[in-house]
Amino acid sequence: MDTLTTQHTVNLAPGCRCHTPPPPPPQARHQLLFFRRGRLSWSHHTALPQAHLTAVARRTSRDHDATKHAFKSILVGLPKPCGGEYGKFFSLPALNDPRIDRLPYSIRILLEAAIRHCDNFQVTESDVEKIIDWENTSPKQAEIPFKPARCILMDNTGVPAVVDLAAMRDMMPKLGCDPYKINPLIPVDAVIDHAVRVDVARSCDALDRNQELEFDRNRERFAFLKWASTAFHNMQVFPPGSGTVHQVNLEYLARVVFNEDGIMYFDSVVGTDSHTTMANCLGVAGWGVGGIEAVVAMLGQPMGMVLPGVVGFKLTGRLRDGVTTADLVLTMTQLLRKHGAIGKFVEFYGVGVGELSLPARATIANMSPEYGATMGFFPVDQVTLDYLKLTGRSDETVSMIEAYLRANKMFVEHHEPETDRVYSSYLELDLSEVEPCVAGPKRPHDLVPLKEMKSDWHSCLDNKVGFKGYAVPKEEQGKVVKFDFHGQPAEIKHGSVVLAAICSSTNTSNPSVMIGAGLVAKKASELGLEVKPWIKTSLTPGSVVTSEYLKHSGLQEYLNQQGFHLAAHGCATCVGNSGDLDECVSAAITENDIVAAAVLSANRNFEGRVNPLTRANYLASPPLVVAYALAGTVDIDFDKEPIGVSKGGKEVFLRDIWPSDQEVEQVIKSSVQTQMFRQVYESIMKRNPRWNELPVPEAALYPWDPNSTYIRKPTYFKGMSMSPPGPPTVKEAYCLLNLGDSITTDHISYSGKIPDGTPAARYLRECGVDPKNFSSYGGRRGNNEIVMRGAFANMRIVNKLLDGQAGPWTIHVPTGEKLYVFDAAMKYKSVGHDMVIIAGAEYGSGSSRDSAAKGPMLLGVKSVIAKSFERIHRSNLVGMGVIPLCFKAGEDADSLGLTGRERYTIGLPTNIAEIRPGQDVTVTTDDGKSFTCTLRLDTQLELAYFNHGGILPYMVRNLAEQAK
């Protein structure tokens with residue numbers, strides 16, 4: 001084969017990479033040469049096949065040839081103030097269409113992307129017209145393609161996505177095609193943030209010891225990700241300890257406006273974490289997707305989506321002194337849940353928006369999944385630009401961003417008269433009416449005003465078991481359990497706080513609440529108050545910069561005095577990696593059936609997620625986390641009851657240690673500095689010596705280890721041909737589980753520790769893994785053997801087939817045996833029986849993890865029949881070839897008399913041409929019941945995925961066909 005020797009050296013701005021550089025052949029070596037002053041530099045010296053270079057040249061020409069573009073007439077230059085131009089851009093005002101001025105800002109970003117990518121093949125002029133006519137097409141569920149500008153990954157969901165990418169690359173030669181077709185065409189940034197656990201707490205060396213344990217457990221998967229950063233083009237991996245993906249995205253990666261190859265365009269992002277929405281605070285359109293959808297985006301393919309409705313949320317007034325952004329976002333979450341935002345964009349506007357800092361907006365945008373929205377969008381204003389400068393973006397870059405946004409009528413002045421924008425529905429909130437609050441004890445949208453917390457807690461003890469109840473008998477509610485804590489007398493009762501964690505990007509990105517927490521700790525320490533030693537306390541900020549300004553302000557010293565030592569820069573407790581409680585505390589809880597409490601500054605508090613032993617979990621601002629730790633209980637009225645007694649014998653109330661807004665602002669101004677951001681991100685790739693020393697294979701095709709229990713080649717491409725299999729049949733299927741409402745992806749695909757005796761533990765023992773090295777389900781999602789054994793492995797899941805008993809079991813209907821879900825599925829599968837799952841409302845809420853769809857698919861589940869689905873999870877089910885069906889309005893399993901012991905046949909045509917999105921489907925049972933469901937394949941593209949057996953086979957066949 002003819003070859004051509006080429007050399008490419010690229011110097012790029014922070015977080016940027018070239019758009020479509022030639023990918024390397026197997027023998028190529030990619031080496032990160034240096035990272036200094038916020039700029040990346042790669043040098044590639046490779047021998048590339050002539051045919052491959054020609055293909056790349058053709059693709060690049062097709063993507064960038066403006067002379068043939070359908071909208072070339074509106075591609076105009078953007079002049080610089082002092083001469084020359086920043087670049088060219090597709091001007092929305094140049095379309096001279098009055099409908100555009102009425103569009104929400106978030107929809108205009110979709111419009112610009114459609115115009116820019118319009119090739120009348122993947123994106124057509126008809127698609128552009130649908131978006132311009134959003135006011136009329138959105139209510140009709142119009143379908144559009146969307147191609148995001150970039151993709152971000154976190155490790156728990158990113159590893160499986162990259163495993164799929166590697167397996168797809170392996171598959172291409174077997175179909176007679178170029179393996180380099182499998183290469184990201186957009187920038188992909190992976191941040192390793194979900195692996196670290198709080199194994200060590202309340203210790204000055206907690207950070208280093210937890211990082212060491214993290215590496216010991218995850219060395220193989222870290223090596224895999226490091227390999228991927230060299231084998232795949234356009235992929236960058238941030239080492240463990242860099243922070244959370246969302247704060248790295250906010251502080252460093254987000255461009256707001258791209259300027260690439262002379263073309264300027266809006267930044268947009270999809271990520272394999274549902275809280276990717278945090279970037280919405282910067283005016284960046286982005287949301288969470290499953291790993292399989294992320295692979296589609298990486299490979300430059302359009303993502304099919306229904307043109308969403310937009311809730312216009314008007315904010316007025318300003319927050320009162322002492323009310324935090326955490327109080328605000330929990331209030332908004334409850335309001336939006338009641339209003340109905342599922343599958344919609346939420347766009348914030350009004351003079352109240354101008355009163356919110358950028359980090360405050362980040363907190364609100366971060367929790368979009370909790371209020372059900374696809375996005376929580378803030379258009380760019382002066383506050384945004386100021387934040388970009390604070391975090392180290394150059395003045396020239398910020399000037400370019402402002403000029404582009406003003407030229408495209410996307411820059412907002414909140415105090416100017418509002419333009420006549422149209423929204424699908426409207427909400428309004430006066431910020432001055434927001435009160436201090438928490439949320440819980442089991443869901444983020446169950447708001448509890450702080451002044452009502454004590455009475456609400458007692459109601460929870462009284463109420464029957466449910467989202468707001470524990471059914472503790474009256475005579476048991478005051479029970480006090482005394483125990484010995486390493487030589488000290490200790491006691492707990494119902495509502496005692498045993499875990500208090502300042503964690504999560506949701507709040508640790510916000511200096512006001514972090515400084516506030518430090519000031520609460522300082523005032524408490526000065527008065528002689530101390531957190532009880534048996535309460536597990538930890539501080540795990542999502543940014544290295546956060547720990548820098550806490551140290552600079554002197555507040556970390558006081559946090560340490562209260563046990564909130566720096567334990568990690570990562571997600572940790574927020575994703576359930578809280579580590580074990582002390583053995584004597586655990587024994588006191590389990591042996592006495594105590595409803596123990598956790599208080600954390602996170603975004604989710606589903607039962608079983610935070611810690612297996614904390615049945616009550618409350619979301620609160622970081623200052624309140626410190627306050628509840630000091631009080632030692634959630635059974636307290638802070639207005640009337642003291643937190644403790646000072647060293648002088650005086651009762652101390654919350655108001656005595658709560659800082660004023662002015663106090664907080666003074667510390668922020670003196671301690672949060674631009675130079676901190678620059679210094680941190682200039683050295684971010686070198687900060688972890690364990691990562692730097694990690695060896696990786698030098699190969700473009702991954703050398704799969706058949707003995708690995710972390711990274712295994714997936715089997716779903718085995719025996720695949722170029723012909724799609726067509727829609728599957730579902731006949732006389734057994735019900736694997738019969739579930740209620742609000743089944744989360746934590747229930748479906750548990751992330752926590754792998755307990756001995758479970759199917760996953762049996763597998764690992766058979767592979768020779770010592771129980772102390774079992775690690776977690778989340779850490780082993782690169783191995784589908786663990787993914788399917790981890791399906792429905794949560795100890796808190798309630799299956800109606802078990803008459804209300806919680807745990808990872810089900811009934812094997814033919815024999816009546818109680819078995820682990822995995823064992824029952826294998827028993828059905830061994831004799832060729834199909835399986836379905838029955839569920840209630842909001843099935844699949846929570847994280848975006850596609851393992852919650854992969855696991856059931858691998859078990860053999862053909863369909864999930866539910867009252868409603870969470871947006872990302874429904875999409876993931878479709879991507880894995882599992883049929884999502886919705887009961888008709890007003891109906892569910894109970895109203896139809898379904899017990900889950902029937903056998904189900906789904907009346908879906910076997911010819912894909914006879915199936916249409918959203919059609920009615922008849923389901924019949926072996927005992928004569930019949931009911932109609934709505935097929936939740938929502939777009940023509942999803943029908944294509946379904947016909948191919950899922951997204952990944954569809955992608956492989958499509959790319960192979962294009963190559964031929």
Side-chain angles (χ1 to χ4, degrees), residues 714-716 718-719 725 727-740 743 747-750 757-763 766 777 783-794 797-803 805-839 843-844 851-866 876-877 880-885 893 898-908 910 921 923-929 931 933 946 949-950:
T715 58
Y716 29 71
K718 191 175 181 180
T729 59
V730 184
K731 291 185 177 180
E732 297 189 339
Y734 283 101
C735 176
L736 184 60
L737 299 103
N738 182 4
L739 305 168
I743 294 297
H747 290 119
I748 305 167
S749 181
Y750 187 49
T758 59
R762 295 200 308 260
Y763 164 78
E766 290 167 5
Y777 288 102
N783 179 355
N784 280 345
E785 295 293 332
I786 295 294
V787 170
M788 65 176 171
R789 287 166 173 82
F792 307 101
N794 192 311
I797 191 169
V798 176
N799 177 7
K800 294 179 184 178
L801 289 175
L802 293 171
D803 298 323
Q805 180 187 357
W809 305 281
T810 192
I811 297 297
H812 181 252
V813 174
T815 63
E817 292 177 89
K818 176 185 170 183
L819 300 171
Y820 278 107
V821 172
F822 170 79
D823 294 333
M826 293 303 100
K827 197 160 187 172
Y828 285 129
K829 207 171 181 180
S830 67
V831 291
H833 290 315
D834 290 341
M835 286 165 275
V836 300
I837 289 169
I838 296 175
Y843 181 79
S851 57
K854 283 182 179 176
M857 181 276 292
L858 292 166
L859 290 178
V861 172
K862 295 291 187 67
S863 176
V864 178
I865 309 171
N876 285 340
L877 289 172
M880 294 312 301
V882 178
I883 306 167
L885 296 176
L898 303 175
T899 65
R901 296 178 183 272
E902 308 88 350
R903 300 184 72 174
Y904 298 80
T905 297
I906 297 174
L908 198 62
T910 56
V921 175
V923 181
T924 58
T925 65
D926 62 337
D927 61 356
K929 298 185 184 76
F931 56 96
C933 291
F946 184 58

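- The closest donor-acceptor contact from the side chain of Ser863 to the backbone of Ile883 lies under 3.5 Å.
- Put simply, OH on Tyr904 and CE on Met835 are 14.5 Å apart, with the number rounded to the nearest 0.5 Å.
- In terms of modelled atom types and a separation under 3.5 Å, the side chain of Asn784 and the main chain of Thr715 share no donor-acceptor contact.
- Among all heavy-atom pairs drawn from Asn783 and Glu785, the shortest one is OD1-N, 2.9 Å.
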Exercise for review: Show your reasoning for whether side-chain contact (heavy atoms from CB on, under 4.5 Å) applies to Leu802 and Ile811.
Suggested key: CA-CA 7 Å; Leu802 293 171; Ile811 297 297; 3.7 Å; yes
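- With Thr810 contributing its side chain and Leu736 its backbone, the two residues share a donor-acceptor pair below 3.5 Å.
- Here the closest heavy-atom approach between residue Gly757 and residue Ala761 is recorded as N-CB, 3.6 Å.
- The distance from the CG atom of Leu908 to the OG1 atom of Thr729 is 10.0 Å, given to the nearest 0.5 Å.
- The heavy-atom pair separating Gly900 from Asn738 by the smallest distance is N-ND2, 4.1 Å.
- At most 12 heavy atoms of other shown residues, nucleotides or ligands fall within 6.0 angstrom of atom NZ in Lys731.
- Two residues are said to be in side-chain contact when any heavy atoms from C-beta on lie closer than 4.5 Å; Leu819 and Lys827 meet this criterion.
- A distance of 5.5 Å separates CD1 in Ile865 from CD1 in Ile838, rounded to the nearest 0.5 Å.
- Checking Asn794 against Tyr777 by side-chain atom types alone, no donor-acceptor pair falls below 3.5 Å.
- A donor-acceptor contact shorter than 3.5 Å is absent between the side chain of Asp926 and the backbone of Glu902.
- The aromatic rings of Trp809 and Tyr820 are tilted relative to each other, their planes meeting at an angle between 30° and 60°.
- The distance from the CG atom of Asp823 to the CD atom of Glu817 is 10.0 Å, given to the nearest 0.5 Å.
- Classified by interplanar angle (parallel below 30°, tilted 30° to 60°, perpendicular above 60°), the ring pair His812/Tyr828 is tilted.
- How far CZ of Arg789 is from OG1 of Thr758: 10.0 Å, rounded to the nearest 0.5 Å.
- Here the shortest heavy-atom pairing between Pro884 and Leu877 reads CB-CD1, 4.5 Å.
- Counting heavy atoms from C-beta on, the side chains of Val798 and Gln805 never come closer than 4.5 Å.
- Judged purely by atom type and a 3.5 angstrom limit, Thr905 uses its side chain to pair as donor or acceptor with the backbone of Glu732.
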Exercise for review: Please test Leu801 against Arg901 for side-chain contact (heavy atoms from CB on, under 4.5 Å), starting from the C-alpha separation and ending with a verdict.
Suggested key: CA-CA 8 Å; Leu801 289 175; Arg901 296 178 183 272; 4.0 Å; yes
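- Distance OH/Tyr716 to CE/Met857: 6.5 Å, rounded to 0.5 Å.
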Practice item. Step by step, work out the side-chain contact (heavy atoms from CB on, under 4.5 Å) result for Asn799 and Phe792. Key: CA-CA 10 Å; Asn799 177 7; Phe792 307 101; over 6 Å; no
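- Between Asp834 and Lys862, the closest heavy-atom pair is OD1-NZ, 3.0 Å.
- Looking only at side-chain heavy atoms (C-beta outward), Val923 and Leu885 come within less than 4.5 Å of each other.
- Tyr843 and Ala866 get closest at one heavy-atom pair: CB-CB, 4.0 Å.
- Using a distance-only test at 3.5 Å, with no hydrogens or angles considered, no donor-acceptor pair links the side chain of Asn876 to the main chain of Ala853.
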